[in-house]
Amino acid sequence: MRIPLSKWVWICLAGRMFDLKFFRENVDTIRAGIARKKFACDLDAVLELDNRRRAVIQEAEELRAQQKSANSDMARLQKGSDAFMAKVAEMKDLSTRVKELQAQQAEAEEAWLQAYLAIPNMPHASVPDGDSESDNVVAHSWGDPEGVSEHARPHYDLPAFSRWVDLARGTKVTGAGWPFFVGDGARLVRSLIQFFLDENTRAGYLEVSPPLCVNPQSATATGQLPDKEGQMYHATGEDLYLIPTAEVPVTNLLRDEILDAARLPIKACAYSPCFRREAGSYGKDVRGLNRVHQFDKVELVEWVHPDHSFDELEQLRRQSESLIEKLGLPYRTLLMCSGDIGFPHAKQYDLEVWAGGQKRWLEVSSCSNFTDFQARRAKIRYRDSEGKPQVVHTLNGSALAIPRVLAAILENNLNADGSITVPEALRPWMGKDRIDPNPDYFG
RNA sequence: GGAGAGAUGGCUGAGUGGCCGAAAGCGCCCGCCUGCUAAGUGGGUAUACGGUUAUAAGCCGUAUCGCGGGUUCGAAUCCCGCUCUCUCCGCCA
């Protein structure tokens, strides 16, 4: 991935991830935050490049100011007069020096920016210290993992699984990890989508149906680029990326806009398929529906006033949790530790449902506060009481990722006869309360 | 896919090489006036970065006229490339 210099400079000038002054004056705080996140990055080098950049800018602008003032003098001279020609000769030299310095300036800005963009977002004070996923804290749990069906089996071992979710034919048609959902499998997917969308819109989220491809700028704004380029499918002919989550197009929906402060928070929900290359995945993680290249998900995105973003994160998380509860699936909510949250995140919760057949937790949602990290890159702002533009905070969370929820339902709701009990909440769309264990779709 | 037109500040819209960051109008904000939800009138009205400074106000400077590059002492204005929008034709869910 190569973003042209101009784009980097644009990000540099308009969408930095920290406030520049804040950065210069709180280096130690940021250093401590990076250490907590277990990221390596050389802040002294960034500072040094920043100093160099500013020195060069100053020099270049000084010369440019001379050039401009000479220019207005020349406007008053008789064109072609001796005085005029003398001035032209004099300015020729200045002109070359201005060009040299401007080239230096571009270089200095580029060098600084590359270093600067490599700084992750700071973890919030409420994020626990930790090195890895084993240090995540269970913040909340619901339901009894021991209480699921005594018949529970891994979903990929169910006799009818390959008929509801046809991985073999998906492999033929596309490749491994591109399932067909068929019959009740497809209907279950649709029911979940409808249920989630209805619940979320009822909770006040505006429904949005986004484009499934985004341009590099959008992927940069939300932080997928340049960090995770290898995880996205790239349509090279058009230089577009297939979205790994609706977060990307939906957050960018309001990019480069100044929002009405009185309308914050703005909350949206979106259903979309998600495309992920999942390079490097292997083993039992990829069995059945645990990890696939294309899956359906309903996502929540919020644009929030900075003063309220951490409170709003709790509500967002509650919204996602409530959906799992309505499906009757045991789950736990993990508060991710500093070493396990992602590059752009300030605070993150992962919601995991209990898959009683596999006897393991499956992540079905990740709810995060990005504070101003994405909003600066995406230039999403509001006007404060003095009319000055300020960056908003962005939040998002899955509500929810469908295949793993489906897997948990298949496992936990398995009856002795092989049928699956349809969760009450889905019956309006399923049109039945049990799924037949012996479907015959293709003869 | 073919042909043409266009892209300027919150909006409309001037500006074809030089005090143009940009006329004018609208909108908006702050005054004044007016016995009244109007008219008139004066002023103000972008964003970002750098410097100065109390990390305030103010002031100074630079950049931005779709994006990138070029010509020139000097570019909104000229040249090249790209993107997007609109109209017409073709194709298509």
Side-chain angles (χ1 to χ4, degrees), chain A residues 2-30 46-47 49-113 116 209 211-218 220 237-240 252 254-262 372 375-392:
Chain A
R2 230 192 83 66
I3 293 181
L5 174 63
S6 62
K7 286 286 180 265
W8 285 117
V9 170
W10 174 80
I11 293 164
C12 146
L13 296 176
R16 319 149 332 252
M17 67 190 80
F18 297 108
D19 183 74
L20 271 177
K21 283 183 184 147
F22 177 86
F23 173 71
R24 281 180 211 130
E25 287 149 22
N26 298 278
V27 177
D28 290 335
T29 311
I30 292 168
V46 179
L47 279 177
L49 288 167
D50 182 41
N51 286 333
R52 167 145 179 276
R53 166 183 146 272
R54 284 190 290 164
V56 175
I57 285 175
Q58 219 176 323
E59 205 178 338
E61 288 190 347
E62 206 168 295
L63 282 190
R64 177 67 181 148
Q66 277 180 39
Q67 191 181 36
K68 283 186 73 164
S69 103
N71 191 30
S72 35
D73 293 342
M74 288 179 74
R76 281 186 292 250
L77 293 174
Q78 170 93 38
K79 222 170 261 183
S81 68
D82 287 349
F84 185 89
M85 295 315 286
K87 203 81 178 160
V88 168
E90 188 190 328
M91 286 300 110
K92 259 190 175 156
D93 179 51
L94 183 60
S95 175
T96 32
R97 285 200 292 145
V98 165
K99 274 176 192 158
E100 278 166 18
L101 271 168
Q102 284 177 340
Q104 275 182 41
Q105 182 182 337
E107 253 174 66
E109 290 189 332
E110 163 85 12
W112 164 77
L113 185 65
Y116 196 61
S209 180
L212 304 183
C213 289
V214 293
N215 58 35
Q217 260 169 291
S218 296
T220 305
E238 302 286 339
D239 197 17
L240 293 176
N252 277 281
L254 299 178
R255 179 160 51 120
D256 295 326
E257 297 195 29
I258 297 181
L259 311 174
D260 180 356
D372 58 1
R376 284 190 189 281
R377 293 174 166 227
K379 236 167 91 181
I380 307 171
R381 295 172 293 176
Y382 68 97
R383 288 193 192 278
D384 65 18
S385 53
E386 286 169 9
K388 290 230 172 4
Q390 304 287 350
V391 274
V392 302

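Just so we're on the same page: letters track the sequence lines, and every chain starts at 1.
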Could you check whether any side-chain heavy atom of A:I258 comes within less than 4.5 Å of a side-chain heavy atom of A:Y382, counting everything from C-beta outward? no
Provide the distance between the two P atoms, one in B:U85 and one in B:U77, to the nearest whole Å. 23 Å
Please state the C1' separation for the pair B:A76 and B:U64 - nearest whole angstrom. 11 Å
Least distance between heavy atoms, A:V27 atom then A:L47 atom: CG2-CD1, 3.7 Å
In residues 83-93 of chain A, which ones come under 4.0 Å of RNA chain B, going by heavy atoms? A:F84, A:V88, A:M91, A:K92
Where at least one partner belongs to residues 84-104 of chain A, residue pairs that pass side-chain hydrogen bond (donor to acceptor under 3.5 Å, both in side chains), sequence neighbours excluded: none
A:P389 to A:R383 - nearest heavy-atom pair and separation: CG-NH1, 3.7 Å
Spacing of CD1 belonging to A:I380 relative to CG belonging to A:D372, to within rounding of 0.5 Å: 11.5 Å
With a 4.0 Å cutoff (strictly under), does any side-chain N or O of A:R54 reach OP1 or OP2 of B:C49? no
Could you spell out the base pairing of RNA chain B in dot-bracket, with Watson-Crick or G-U pairs whose two distances are under 3.5 Å, [ ] crossing and | to another strand? ((((((((.[[[..)..(.....]]]((((((.......))))))(((((((.....))))))).[[[[[..)....]]]]])))))))....
Between B:A63 and B:G68 - C1' atom distance, rounded Å: 16 Å
Whether A:R383 contacts B:A46 is assessed here as follows: a side-chain N or O lying under 4.0 Å from the phosphate OP1 or OP2. Is that the case? no
How far does the C1' atom of B:G31 sit from the matching atom of B:A22, given to the nearest Å? 27 Å
For nucleotides B:G27 and B:G10, find the distance between their C1' atoms and express it as a whole number of Å. 8 Å
Using whole Å, what does the distance between atom C1' of nucleotide B:U72 and atom CD of A:Q102 come to? 14 Å
Would you mind reading off the distance between A:K79 atom NZ and B:C73 atom P, rounded to a whole angstrom? 13 Å
Please find the pair of heavy atoms, one from A:R255 and one from A:N215, that lie closest to each other, and give the distance. NH2-OD1, 4.1 Å
Footprint string (nucleotides 75-82 of chain B, 5' to 3'): B base within contact, S backbone only, - free, heavy atoms under 4.0 Å: --------
Take the protein atom NZ of A:K379 and the nucleotide atom C1' of B:A46, then report the distance between them rounded to whole Å. 11 Å
Write down the distance separating the P atoms in B:G81 and B:A5, rounded off to the nearest Å. 15 Å
What heavy-atom pair brings A:L101 and A:A60 nearest, and what distance separates the two atoms? CB-CB, 4.0 Å
N/O-N/O pairs, protein side and nucleotides 54-56 of chain B side, under 3.5 Å:
unit_1, atom_1, unit_2, atom_2, d
B:U55, O2, A:E25, OE1, 2.6
B:U55, N3, A:E25, OE1, 3.2

Quickly work out the A:I57 CD1 to B:U62 P distance and round it to whole Å. 14 Å
Rounded to whole angstroms, how far apart are CD on A:E257 and P on B:U47? 16 Å
Distance in angstrom units between A:K388 NZ and B:U45 P, rounded: 13 Å
Considering only the P atoms, how many Å lie between B:A38 and B:A56, rounded to the nearest integer? 40 Å
For a quick test of reading the model, state the closest non-hydrogen atom pair linking A:R53 to A:A108 and the distance between them. CA-CB, 3.9 Å
Verify the neighbour count for atom CG of A:D82: are there more than 12 heavy atoms of other residues, nucleotides or ligands below 6.0 Å? no
Quick one: which of B:A57, B:U72, B:U62 gets closest to the side chain of A:E61? B:U62
Of A:E62 and A:Q58, the one whose closest RNA chain B nucleotide lies more 5': A:Q58
Grab the CZ-C1' distance between A:R97 and B:C73 for me, whole Å please. 14 Å
Length of the line joining A:E100:CD and B:C73:P, which is rounded to integer Å: 15 Å
Both A:I258 and A:S69 contact RNA chain B. Taking the nearest nucleotide for each, which residue is further toward the 5' end? A:I258
The side chain of A:A65 is closest to which nucleotide in this list: B:A48, B:U72, B:G61? B:G61
The reported gap from CD1 in A:I57 to CD in A:E109 (rounded to nearest 0.5 angstrom) is 4.5 Å
Between A:L240 and A:V214, is any pair of side-chain heavy atoms under 4.5 Å apart? no
Does A:S95 make a side-chain N or O approach to OP1 or OP2 of B:U72 shorter than 4.0 Å? no
Give every residue pair that meets the side-chain hydrogen bond (donor to acceptor under 3.5 Å, both in side chains) criterion with at least one member in residues 59-68 of chain A, sequence neighbours excluded. A:R64-A:Q67
Looking at the side chain of A:R381, which of B:G51, B:U47, B:U72 is the nearest nucleotide? B:U47
Kindly indicate whether the side chain of A:Q217, heavy atoms from C-beta on, has any atom under 4.5 Å from the side chain of A:N252. no
Using a cut-off of strictly less than 4.0 Å, decide whether A:K68 has a side-chain nitrogen or oxygen near OP1 or OP2 of B:A63. yes
Distance, P atom - from B:U12 to B:C73, rounded to whole angstrom: 38 Å
